[in-house]
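Report on the structure given below.
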Amino acid sequence: MKRLLTIQDVSCVGQCSATVALPVVSACGVECAVLPSAVLSNHTGGFKSWTFCDLTPEMPKIEAEWKKNGVAFDAFYTGYVCANQIDPILSIMSSAAKPGALKFVDPAMADNGKLYAGFGEDFPKDMARLVGVADYALPNLTEAALLLGEKPVLTGYDEAHVEHVVKGLHALGAKNVVLTGVSFDSGELGSATYDGRDIVYDFNPLLRCQSHGTGDVFAATFAGAVMRGLSAAEAAALAADVVCAAIEATAEDHWYGVSFESALPLIVRRLSQTEEA
Ligand code: PXL
């Protein structure tokens, strides 16, 4: 069994980040270790207030223990992290890597044209350094624009714009780019996966608007599925199906996240079918 380290916050309540990655990556049949970037009482998207404990000082201490104990990973998957954590994370990605370890970077920092509360305007520049070492970068349209130092364009764009965005992120260093939240038509929503040569689009019908935590469910499923041998385009299609199933299972008043739990059997089923094929 492959072993992945996810580096992102533990929001105690809110169905995002580590509390999504652990069950989703496990459902993919991949061992999931966690290095919390911060502990929050709840996520920052829609709650009135939150506590925030930045765990940066723990990172080099944990890294040193892992070195002593010979701990190493087949993959790293980063999500919501703090500005001063980019260097400690790059260090862990090098000291705790098995040969050929993959790096999945979800630059979880913004949505709907805006940075999340708590991130300064300079943060995308720091995040761009992590995206630059990614084997797979998984930004939404807002994050992608901010990483490129551009104003987010969220509607009325065409394929040429998507091409500009994914090629820009590839030029930053990301080997594969999975751009999420792409839509050319008001009835559909999907992703564009670019491997440095071709762009593969995947669309699903647009469901009720429900964004909290969907990026985290998408990225965790994508990372687990690639670790199980799916191509980037296949993993993006599975991740989108899982997000849709999670949204469909989410009650109208469950605003802070999506009920991904009901979609876990879908992940197990689809990945076992792949194995049999
Ligand atoms: O789901 C993204 C996310 C992760 N972690 C924290 C957040 C958010 C989005 O708001 O606030 C702490």
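Both counts, for ligands and for their atoms, begin at 1 and track the order of listing.
Using a 4.0 Å heavy-atom criterion, the residues that approach ligand 1 are Asp9, Ser11, Cys16, Ser17, Leu40, His43, Thr44, Gly45, Tyr80, Tyr116, Asp216.
For Lys103, the NZ atom counts as densely surrounded, since its 6.0 Å shell holds more than 12 non-hydrogen atoms of other residues, nucleotides or ligands.
Using the six-membered ring where Trp is involved, Tyr256 and Phe47 have ring planes that are tilted, between 30° and 60° apart. Relative ring orientation between Tyr80 and Phe119 is described as tilted, the plane-to-plane angle lying within the 30° to 60° band.
Under the 3.5 Å distance criterion, with hydrogens and angles disregarded, a donor-acceptor pair is assigned to the side chains of Glu63 and Ser95.
Linking ILVMFWY side-chain heavy atoms closer than 4.5 Å, directly or via other members, places Val200 and Val162 in two distinct hydrophobic clusters.
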Given the rule in the salt bridge (Lys or Arg N to Asp or Glu O under 4.0 Å) test, do Lys175 and Asp195 qualify, once you have shown the distances and angles that lead to the verdict?
CA-CA 6 Å; Lys175 293 194 182 72; Asp195 61 2; over 6 Å; no

